[in-house]
There are 2 protein chains.
Amino acid sequence: MVRQGFGALLDAQGDMTVVGSAADGSEVVDLVRKARPDVVLMDIRMPRVNGLDATRAVFAMPGDLHPKVIMLTTFDADEYVFAALQAGASGFLLKDASAEDLAGAVRVVAGGEALLAPSITQKLIADYVSRPTVRTPDVTVLGTLTDRELDVMRLVATGRSNAELAAELFLSEQTIKTHVSRILAKLGLRDRTQIVVTAYESGLVSAGGA
Amino acid sequence: MVRQGFGALLDAQGDMTVVGSAADGSEVVDLVRKARPDVVLMDIRMPRVNGLDATRAVFAMPGDLHPKVIMLTTFDADEYVFAALQAGASGFLLKDASAEDLAGAVRVVAGGEALLAPSITQKLIADYVSRPTVRTPDVTVLGTLTDRELDVMRLVATGRSNAELAAELFLSEQTIKTHVSRILAKLGLRDRTQIVVTAYESGLVSAGGA
DNA sequence: CCGGTCGTCACCCGGGCGGGTGAACCTGGG
DNA sequence: CCCAGGTTCACCCGCCCGGGTGACGACCGG
């Protein structure tokens, strides 16, 4: 019923056409493959395969042009917001949205932009600003290091021994020791554990290995 | 001119009243203190004091109820978005927004929620998902460690030597060595640099010291 | 052409680190 | 009551690490 209501609503807009409708998450991927829509309205809660997994499946499809996905939810369960956005969703609306909101959202995401319900925007911002700033490697501290020294520093920051670094870089262990010594001297550090700390704190490497 | 246009526009809405208008950022704080508005529309670019600093100043005012702030910008300069949100802004609109958009945004933020221009939402999401998830310390790995061992591990992760840890915790250096050895054994690690890496990667400690 | 920087490597030495073993004390639970 | 686990500490040993010094080739800029 809800699906049909939305479908009729959107079809009536004139500048968009409903090309299909799926009863649960497992049908979504097939339908997307066949109908090639520009935008998918995805319910978070669906029988069998939920909206999150269905979204991931849609973006895992071969081929490079995936449809935009707008998630729909009855209440703003913030724990799903991040997962949905991570999965590739471009929008997040509550089901109490008006017809104009819905149609507007479809137009926005079709245009490559994104749109979130205000209550979700508010939560997202709160979460966003609470996170540590993405560090661009600190030039003031690391600027004096040569490229090679930065290479070595990155590897030291993985917890490897000098011998392992030597093997990794096809160098003599002595060369590694020289580089490490230079790094310590230039940065005013004492031992390799402080190199690891500095590498993380400066943003040269970051948790998660990304 | 632009200010007057916006003012007239919003006054005409019926459910809101323009209580003041400032020529530059330095006037904003005074005006907010006197007029006590619910919502402030803030231009990013203003003579003398820019919108960012003015926003910070508004939220730095004594007293706990600050007005909501919507930032206005002519083009979506993403480098300011994070700073503005950090400063306390609840909204971010481009100046090409329609009158309804503007009035709607005022209502949304007045209601305690937030609203961003679609192009900015899109950038925010892209940035948001690219950030490492806020880690809650990984229980699966660290669960076998005792409280004391976790204490030691946190300190090891600051780059301190055993002797320094001993002084810090009022213990003998030997005790520290025992704890460190146990940590290494329990976590299957080799040396203290790997402890540092594990501490960061598991979220036991995180960059920025937060 | 030559001085400086960078990257590579070698030898030596001292010290901190990590491993092993053993032991004391305390607390809590069978 | 005694055993188990956590915390503390001691002694010994082997070794990797870090510091110092010196050297060689490559490259670049004056």
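Below, read A as the first sequence line, B as the second, and so on, with proteins coming before strands; counting in each chain starts at 1. Side chains are part of it too, since the values below use all heavy atoms of this structure and drop only hydrogens, waters and symmetry mates.
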Task: Integer-rounded Å distance: C:dG7 P and A:Ile176 CD1 - done: 12 Å
- [ ] Rounded off to whole Å, could you give me the CG-to-P distance for the B:Asp147 and D:dG5 pair?
- [x] 17 Å
TODO: Using whole Å, report how far CD of B:Gln174 lies from C1' of D:dC13.
DONE: 13 Å
TODO: Verify the ring-centre separation between A:Tyr128 and B:Phe82: is it less than 6.0 angstrom?
DONE: yes
Open item on the list: As a test of reading the structure: which of C:dC12, C:dG19, D:dT8 is closest to the side chain of B:Thr175, going by heavy atoms?
Closed with: D:dT8
Open item on the list: Can you say whether a donor on the side chain of A:Glu149 sits under 3.5 Å from an acceptor on the base of C:dC6, or the other way round?
Closed with: no
Open item on the list: Can you measure B:Leu187 atom CG to C:dG19 atom P for me and round it to whole angstrom units?
Closed with: 12 Å
Open item on the list: If you compare every side-chain N and O of A:His179 against the phosphate oxygens of C:dT8 (OP1, OP2), does one of them come in below 4.0 Å?
Closed with: yes
Task: Touch class at under 4.0 angstrom, heavy-atom based, for A:Thr146 against every strand present - done: sugar-phosphate
Open item on the list: OP1 or OP2 of C:dG19 versus the side-chain N and O atoms of B:Ser181: is any pair under 4.0 Å?
Closed with: yes
Open item on the list: Which is more 5' along DNA chain D, the nucleotide nearest B:Lys186 or the one nearest A:Lys177? Just name the residue.
Closed with: B:Lys186
- [ ] Counting heavy atoms from C-beta on, name the nucleotide in D:dG18, D:dT7, C:dT8 closest to the side chain of A:Asp191.
- [x] D:dG18
Task: N/O (side chain, B:Ser172) to phosphate O (OP1/OP2, D:dA10) under 4.0 Å - done: yes
- [ ] Salt-bridge test for B:Arg154 and B:Glu149: reply yes if a basic N is under 4.0 Å from a carboxylate O, no otherwise.
- [x] no
TODO: State whether A:Arg190 places a side-chain N or O below 4.0 Å from either non-bridging phosphate oxygen (OP1 or OP2) of D:dG18.
DONE: no
Open item on the list: What's B:Thr178 touching, base or sugar-phosphate or nothing? Going by heavy atoms closer than 4.0 Å.
Closed with: base
Open item on the list: Would you say A:Thr158 and A:Arg160 are linked by a side-chain donor-acceptor pair, where the criterion is simply a distance under 3.5 Å?
Closed with: yes
Task: Shortest non-hydrogen separation from A:Ala199 to A:Ser202 and the atoms involved - done: O-OG, 3.4 Å
Task: Ion pair A:Arg107/A:Glu113, N-O distance below 4.0 Å - done: no
Task: Distance-only donor-acceptor test, A:Glu173 side-chain atoms vs C:dC9 base atoms, 3.5 Å - done: no
TODO: For B:Ile183 and D:dT7, give me the distance from atom CD1 to atom C1', rounded to whole Å.
DONE: 13 Å
Open item on the list: Can you tell me if B:Arg148 touches the phosphate of D:dT8, counting only side-chain N or O atoms and a distance under 4.0 Å to OP1 or OP2?
Closed with: yes
- [ ] Report yes if at least one side-chain N or O of B:Asn162 is closer than 4.0 Å to OP1 or OP2 of C:dC17; otherwise report no.
- [x] yes
- [ ] With the side chain of B:Arg182 defined as its heavy atoms from C-beta on, choose the nearest nucleotide among D:dG18, D:dT8, D:dA10.
- [x] D:dT8
- [ ] Give the rounded distance in Å between these two atoms: CZ of A:Arg160 and P of D:dC17.
- [x] 14 Å
- [ ] Test A:Asn162 against every option in A:Gln174, A:Arg192, A:Lys177, A:Glu173 by the side-chain hydrogen bond (donor to acceptor under 3.5 Å, both in side chains) rule and name the one that passes.
- [x] A:Arg192
TODO: May I have the distance from B:Gln194 (atom CD) to C:dC17 (atom C1'), rounded to whole angstrom?
DONE: 14 Å
Open item on the list: Between C1' on C:dG7 and CG on A:Leu171, what's the gap in Å once rounded to a whole number?
Closed with: 9 Å
